[in-house]
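Working notes for the structure below.
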Amino acid sequence: VQLQASGGGLVQAGGSLRLSCEASGTIFSINAMGWYRQAPGKQRELVAVISSGGSTNYADSVKGRFTISRDNAKNTVYLQMNSLKPEDTGVYYCNVRIKGGRWYQPEYDYWGQGTQVTVSS
């Protein structure tokens with residue numbers, strides 16, 4: 001299983017970016033999908049998560065500005081980021097909980113390679 005993240009970049013404060021993360025490989029089912037971020041000198045933190053049923057949860061700092069969604073047919077999770085602030089700067093990682101090729105196999109967490117988001121003031 002591999003995760004391919006894309007969509008990061010440099011944007012001015014108040015701007016928008018959309019991150020994507022596609023899972024590929026031998027996949028039986030996908031459970032939760034989420035985005036984390038890590039700013040320089042800080043620990044990685046949860047930004048948003050979406051369940052297989054579509055329930056969502058957000059960090060307080062991004063509520064009302066970010067929206068997480070998923071396309072189950074494409075095994076892809078998205079993060080729409082609006083009204084970006086300099087404090088949103090960091091490396092964004094997708095995290096996906098996947099059950100492999102058989103129904104009886106356990107679930108594992110997989111991480112994408114990270115995509116840099118830089119918000120200038």
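Fair warning: this is a prediction, and the values are worked out from it, not measured in the lab.
A distance-only check finds a donor-acceptor pair linking the side chain of Thr89 to the backbone of Val119 [under 3.5 Å]. Of the possible donor and acceptor atoms, one in the side chain of Gln113 sits under 3.5 Å from a partner among the backbone N and O of Ala5.
Asn75 CG to Ile27 CD1: the interatomic distance, rounded to the nearest 0.5 Å, is 4.5 Å. Here Leu79 contributes atom CG and Ser20 contributes atom OG; the two are 9.5 Å apart, rounded to the nearest 0.5 Å. Distance check, rounded to the nearest 0.5 Å: CG of Asp109 to CZ of Arg97 gives 4.0 Å. Atoms CG and CD, from Asn31 and Glu107 in turn, are 4.5 Å apart once rounded to the nearest 0.5 Å.
Between Tyr36 and Trp111, the distance separating the two ring centers is shorter than 6.0 angstrom.
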Exercise. Step by step, work out the side-chain contact (heavy atoms from CB on, under 4.5 Å) result for Val77 and Trp35.
Key: CA-CA 9 Å; Val77 61; Trp35 290 94; 3.7 Å; yes
Decide salt bridge (charged side-chain N to carboxylate O under 4.0 Å, His left out) for Glu45 and Arg37; before the verdict, give the C-alpha distance in whole Å, the side-chain angles of both, and the deciding distance to 0.1 Å. CA-CA 6 Å; Glu45 63 174 353; Arg37 68 185 179 191; 2.7 Å; yes
Quiz prompt | side-chain contact (heavy atoms from CB on, under 4.5 Å) between Val49 and Tyr58, worked out | solution = CA-CA 7 Å; Val49 62; Tyr58 297 90; over 6 Å; no
Item to complete: Quick one: do Asp71 and Thr76 satisfy side-chain hydrogen bond (donor to acceptor under 3.5 Å, both in side chains)? Show the steps, please.
Response: CA-CA 5 Å; Asp71 185 334; Thr76 300; over 6 Å; no
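Between Ala23 and Ile98, the shortest heavy-atom distance links the atoms CB-CD1, 4.1 Å.
Side-chain contact between Ile30 and Val96 is present, with heavy atoms from C-beta onward closer than 4.5 Å. Here the side chains of Arg65 and Lys85 are in contact, with some heavy-atom distance below 4.5 Å. Looking at heavy atoms from C-beta onward, Arg44 lies in side-chain contact with Tyr93 at the 4.5 angstrom threshold. Looking only at side-chain heavy atoms (C-beta outward), Gln80 and Ser16 come within less than 4.5 Å of each other.
In this structure, Arg18 forms a cation-pi arrangement with Tyr78, its terminal cationic atom sitting closer than 6.0 Å to the ring centre and no more than 45° off the ring axis.
Between Thr118 and Gln116, the side chains place a donor N or O and an acceptor N or O closer than 3.5 Å (distance only, hydrogens not considered).
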